[in-house]
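A short write-up of the structure that comes next.
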Amino acid sequence: MPTILAVETSCDETSVAVVTGDDRPEVIVNEVASQIPLHQETGGVVPEVAAREQAVAMLPVLEHALKAADAKLGVASKGAQPHFPIDAVVYTKEPGLMGSLLVGIETAETLAELWQVPARAVHHVQGHIYGAFAGLAPEDVQWPAVVLVVSGGHTQLWEMPGHLQFKLLGETRDDAAGEAFDKMARLLGLTYPGGPSIAAAAEQAGEMTVELPRPMLNEPSLDFSFSGLKTALLYKVRGRNLGQDEVAAWARESQQAIVDVLVGKTLRAAAQTGAKTIVLAGGVAANRLLRQTLEQAATQAGCRFLMPDFTLCTDNAGMVGVLGWYQERGIMKT
Ligand code: KG4
Ligand code: ZN
């Protein structure tokens with residue numbers, strides 16, 4: 001039974017998780033310390049501040065995670081020592097903010113050395129994807145799958161012919177979808193991170209209707225472009241003192257425009273590849289409208305739909321541990 005200790009520090013979340021299971025990966029512990037309140041003061045992440053906070057948070061988060069795992073597994077615990085066997089330490093190596101990443105890299109490599117187990121570096125985007133496979137046995141997924149990864153740093157469509165196989169189909173040519181949420185929220189005077197605050201403001205929208213474009217939606221390419229959407233909003237709201245109803249109307253239209261493009265392109269990719277499964281992953285996968293709309297569209301297209309639990313959408317080590325579990329299982333079998 002592979003047991004993985006996972007570490008994720010690519011941006012402004014410090015996270016340590018334990019993933020284990022005989023026939024399927026279960027995330028038994030997923031400790032996340034978020035810096036969101038700190039970055040709300042500056043309206044976004046300041047890399048040096050994020051790195052310093054990572055260093056402050058790492059050891060307490062590690063200690064909590066190990067203690068929580070000891071308790072879950074029913075073993076006695078003392079300090080930052082695991083009292084259960086660990087097969088590998090898996091950590092996010094790239095991409096991300098260098099100063100933040102280094103805290104996780106150093107921690108994971110040191111623990112692996114101390115415990116005499118392998119340390120394995122993984123790609124952050126592949127970690128996000130595996131958040132959607134938590135709790136699923138390898139044979140539960142029907143291939144090929146098309147995966148939409150939407151986060152603050154990435155907007156990509158991948159084809160997966162099987163586990164741990166990735167072929168890039170398309171990606172954003174400029175801003176990522178999460179970045180669009182964040183920048184558009186700022187234009188509307190809403191707080192960081194923009195995704196949740198735009199979603200909350202959209203809920204308040206009433207009769208008023210406003211319009212934004214759906215960039216590249218009808219082009220055959222599987223690439224995305226979101227910077228024009230942000231600029232379109234800028235021209236509409238610049239220099240104006242928006243009332244609450246106007247902010248809500250623009251928030252609803254911003255969210256709808258992003259979701260329309262993401263869902264349209266994902267369905268196009270699924271049709272082109274003959275996908276049996278559509279997977280949604282990344283921080284923006286926490287968006288309820290996107291979850292519902294893509295699930296409906298996937299079902300209508302005859303595809304199975306998979307998405308992560310809310311706790312495995314925005315950056316967390318649980319998703320990294322699930323990827324590590326699948327890698328470890330492959331190694332154990334060979
Ligand atoms: O995956 P993530 O935590 O970090 C990166 O790898 O970038 O994603 C963060 C992004 C932010 O842009 C945030 O605005 C967005 O995910 N996000 C959301 C929601 N929750 C987080 N976007 C839309 N709706 C949400 N509910
Ligand atoms: Zn991420």
Side-chain angles (χ1 to χ4, degrees), residues 6-15 17 30 32-36 39-40 43-45 47 50 54 91-98 100-101 104 122-132 147-156 158 171-172 174-188 190-203 224 226-227 229-230 251-263 279-294 307-323:
V7 178
E8 158 66 48
T9 63
S10 63
C11 187
D12 56 344
E13 267 88 26
T14 312
S15 183
N30 193 12
V32 184
S34 173
Q35 304 174 10
I36 283 176
H39 299 303
Q40 269 168 350
V45 178
Q54 289 283 2
Y91 63 94
T92 302
K93 184 177 175 214
E94 59 179 354
L97 302 175
M98 193 39 77
S100 290
L101 282 165
V122 299
H123 194 278
H124 183 66
V125 168
Q126 293 181 9
H128 270 302
I129 294 174
Y130 268 78
V147 188
L148 172 69
V149 186
V150 265
S151 71
H154 294 86
T155 297
Q156 296 176 328
W158 292 88
E171 63 184 329
T172 185
D174 39 61
D175 291 353
E179 197 179 351
F181 269 112
D182 294 337
K183 288 178 175 171
M184 291 168 94
R186 223 169 156 165
L187 291 175
L188 295 174
L190 300 169
T191 52
Y192 173 85
S197 52
I198 286 203
E203 295 269 311
F224 302 86
F226 289 108
S227 75
L229 190 56
K230 168 201 66 194
R252 177 171 62 192
E253 176 65 0
S254 301
Q255 175 174 245
Q256 192 66 56
I258 294 171
V259 168
D260 285 350
V261 174
L262 293 174
V263 171
V279 181
L280 173 63
V284 182
N287 185 273
R288 284 177 200 278
L289 182 71
L290 177 59
R291 291 166 86 88
Q292 284 161 9
T293 315
L294 191 54
M307 61 186 161
D309 282 348
F310 283 107
T311 52
L312 296 171
C313 289
T314 46
D315 290 348
N316 68 92
M319 64 192 198
V320 173
V322 176
L323 173 58

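In listed order, ligands and their atoms are each counted from 1. Note that these values count all heavy atoms, side chains included, but never hydrogens, waters or copies made by symmetry.
For Asp182, every heavy-atom contact with ligand 1 shorter than 4.0 Å involves the side chain, none the backbone.
Within ligand 1, counting atoms from 1 as listed, the ones closer than 4.0 Å to a heavy atom of Gly178 are 12 (O). Every atom of ligand 1 is numbered from 1 in the order shown, and the set under 4.0 Å from a heavy atom of Thr314 is 3 (O), 21 (C). Residue Gly153 approaches ligand 1 through these ligand atoms, each under 4.0 Å from one of its heavy atoms: 7 (O). Below 4.0 Å from some heavy atom of Gly194 lie the following atoms of ligand 1, by number and element: 14 (O).
In this structure, CD in Gln54 is found 8.0 Å from CD in Glu8, a value given to the nearest 0.5 Å. Put simply, CZ on Arg288 and CD on Gln292 are 8.0 Å apart, with the number rounded to the nearest 0.5 Å. Atom-to-atom distance recorded for Asn30:CG and Met319:CE is 9.0 Å, nearest 0.5 angstrom. One distance of note links CZ of Arg291 with SG of Cys313; it measures 4.5 Å at 0.5 Å rounding.
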*Determine, stepwise, if the pair Val150 / Leu290 fulfils side chain to side chain contact (heavy atoms under 4.5 Å, CB included).*
CA-CA 10 Å; Val150 265; Leu290 177 59; 4.1 Å; yes
_Residue pair Tyr192, Val45: steps toward the side chain to side chain contact (heavy atoms under 4.5 Å, CB included) verdict_ = CA-CA 9 Å; Tyr192 173 85; Val45 178; 3.3 Å; yes
*asked:* Using the rule given for side chain to side chain contact (heavy atoms under 4.5 Å, CB included), can you reason through Asp260 versus Gln256, listing the C-alpha separation, both sets of side-chain angles and the distance that settles it, and then say yes or no?
replied: CA-CA 6 Å; Asp260 285 350; Gln256 192 66 56; 3.0 Å; yes
*asked:* Could you walk me through whether Leu190 and Ile198 satisfy the side chain to side chain contact (heavy atoms under 4.5 Å, CB included) test, starting with their C-alpha distance in whole Å, then the side-chain angles of each, then the deciding distance to 0.1 Å, before giving a yes or no?
replied: CA-CA 7 Å; Leu190 300 169; Ile198 286 203; 4.1 Å; yes
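Looking at ligand 1, you'll find an N or O of His128 within less than 3.5 Å of one of its N or O atoms.
Of the protein's heavy atoms, Gly152 N, 3.5 Å lies nearest to atom 10 (C) of ligand 1. Of the protein's heavy atoms, Gly195 CA, 3.5 Å lies nearest to atom 18 (C) of ligand 1. For atom 2 (P) of ligand 1, the nearest non-hydrogen atom of the protein is Asp315 OD1, 3.3 Å. At the top of the distance list for atom 15 (C) of ligand 1, counting protein heavy atoms only, stands Val284 CG2, 3.9 Å. Residue, atom and distance of the protein heavy atom nearest to atom 24 (N) of ligand 1 are Asn287 ND2, 3.0 Å.
Heavy-atom separations between Cys11 and ligand 1 are all 4.0 Å or longer. For the ligand labelled ligand 1, residue Pro196 lies inside the 4.0 Å heavy-atom shell. In this structure, His124 counts as a contact residue of ligand 1, since one of its heavy atoms falls inside 4.0 Å of the ligand.
Side-chain contact check for Met184 versus Phe226: every heavy-atom pair is 4.5 Å or farther apart.
Using a cut-off of 2.8 Å, one finds that Cys11 contributes no N/O/S atom close to the Zn ion (ligand 2). The nearest N, O or S atom of His128 is closer to the Zn ion (ligand 2) than 2.8 Å.
Checked against Val259 for a side-chain contact (heavy atoms from CB on, under 4.5 Å), the options Val261, Val263, Leu262 give a single hit: Val263.
Its N, O or S atom nearest to the Zn ion (ligand 2) is what matters here, and for Asp315 that atom is OD1.
Note: His124 and His128 have perpendicular aromatic rings, judged against thresholds of 30 and 60 degrees for the angle between ring planes.
With Ala177, Gly283, Gly131 as candidates, the residue nearest to atom 16 (O) of ligand 1 on a non-hydrogen basis is Gly283.
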